[in-house]
Amino acid sequence: MGGNADDDFAGSKREVEFRGVHRAIICGNVGQVPVQKILRNGHTVTVFTVGTGGMFDQRRVGAENLPVPAQWHRIAVHNEHLGTYAVQKLVKNAAVYVEGDIETRVYNDRINNQLKNIPEICVRRDGKIHLVQSGDSDVSKSLEELREGLF
């Protein structure tokens, strides 16, 4: 658009720092129900888990063949309004859509005296939590439709 040949990516000599995208979109079932905790600084954080994936074993008959989540994700909600929404609306096995930042929390385990790293999805000001109603069909909805009407 009116530029010279030196402006293309292949010939560019400028150094640009790429920070990356540390964002996660999780659609799954609530495992551990949301629990609100008050931190020392007075802020609240709501913590719960979401299970994603899983396989359906068709060889077994009965309640044992329900899909079991293959991956558990720890969700930490640092937004007070979204945390209150999570505590009021989310129950065990409820289908939920969560969008937040991928962060690693580092703490010192006092029992074993070890430094521990816990990966978690942090929902802050720009994050989203949406309870997917049982009558809704997720398969027919696009990602944009899921994002509409989020709290």
Side-chain angles (χ1 to χ4, degrees), residues 9 12 14-151:
F9 288 117
S12 179
R14 292 179 275 173
E15 295 274 333
V16 177
E17 181 181 340
F18 182 71
R19 292 179 42 174
V21 177
H22 301 287
R23 208 71 184 145
I25 296 174
I26 305 291
C27 292
N29 294 333
V30 175
Q32 179 186 22
V33 294
V35 175
Q36 262 188 339
K37 299 178 181 180
I38 300 175
L39 304 177
R40 291 183 206 156
N41 60 6
H43 293 95
T44 60
V45 63
T46 305
V47 179
F48 63 98
T49 59
V50 174
T52 57
M55 296 296 292
F56 186 76
D57 190 358
Q58 296 179 349
R59 294 173 292 176
R60 296 192 216 158
V61 178
E64 301 87 30
N65 65 348
L66 294 176
V68 177
Q71 186 72 38
W72 288 101
H73 306 277
R74 180 181 167 92
I75 312 294
V77 182
H78 295 274
N79 182 323
E80 190 172 341
H81 298 295
L82 287 176
T84 305
Y85 173 80
V87 169
Q88 291 175 353
K89 300 289 183 179
L90 300 182
V91 295
K92 189 173 179 73
N93 290 330
V96 66
Y97 168 93
V98 178
E99 185 174 339
D101 298 325
I102 301 171
E103 295 182 9
T104 302
R105 186 168 51 87
V106 179
Y107 75 96
N108 189 8
D109 186 8
R110 294 181 185 150
I111 297 171
N112 299 332
N113 202 19
Q114 293 178 344
L115 199 62
K116 297 222 176 184
N117 297 323
I118 306 249
E120 56 189 12
I121 310 301
C122 291
V123 179
R124 299 190 190 279
R125 186 172 40 98
D126 58 344
K128 295 175 177 66
I129 297 176
H130 179 62
L131 177 65
V132 179
Q133 300 297 329
S134 60
D136 294 348
S137 173
D138 297 341
V139 177
S140 63
K141 287 187 175 183
S142 69
L143 185 59
E144 292 304 318
E145 288 174 330
L146 282 173
R147 287 186 177 185
E148 288 179 11
L150 294 177
F151 185 75

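Residue numbers count from 1 along this sequence.
- Partners of D109 under the side chain to side chain contact (heavy atoms under 4.5 Å, CB included) rule, at least two apart in sequence or in another chain, are Y107, I111, N112, K116.
- Taking 4.5 Å as the limit, some side-chain heavy atom of Y97 sits within range of a side-chain heavy atom of I25.
- The shortest side-chain heavy-atom distance between V77 and V45 does not fall under the 4.5 Å cut-off.
- Not counting sequence neighbours, the partners of V87 by the side chain to side chain contact (heavy atoms under 4.5 Å, CB included) test are P34, Q36, T46.
- The two atoms that bring F48 and A86 nearest to each other are CE2-CB, 4.2 Å, heavy atoms only.
- Of all non-hydrogen atoms in K128 and D126, the two that sit nearest each other are NZ-O, 4.0 Å.
- H73 is linked by a side chain to side chain donor-acceptor pair (under 3.5 Å) to T52, counting only residues two or more places apart in sequence or in another chain.
- For Q88, the side chain to side chain contact (heavy atoms under 4.5 Å, CB included) test picks out T84, with sequence neighbours left out.
- Taking the side chain as every heavy atom from C-beta outward, Y85 and N79 never approach each other to under 4.5 Å.
- A search for side chain to side chain donor-acceptor pair (under 3.5 Å) contacts involving N117 returns nothing, not counting sequence neighbours.
- V30 places none of its side-chain heavy atoms less than 4.5 Å from the side chain of V91.
- Applying the salt bridge (charged side-chain N to carboxylate O under 4.0 Å, His left out) test to every pair with at least one member in residues 70-87, sequence neighbours left out, gives these pairs: R74-E120.
- Taking the side chain as every heavy atom from C-beta outward, I75 and V47 never approach each other to under 4.5 Å.
- Every residue meeting the side chain to side chain contact (heavy atoms under 4.5 Å, CB included) condition with E103, not counting sequence neighbours, appears here in chain and number order: D101, C122, R124.
- The environment of L39 atom CG is dense: over 12 non-hydrogen atoms of other residues, nucleotides or ligands sit within 6.0 angstrom.
- The nearest pair of heavy atoms linking A95 to L131 is O-CD1, 3.4 Å.
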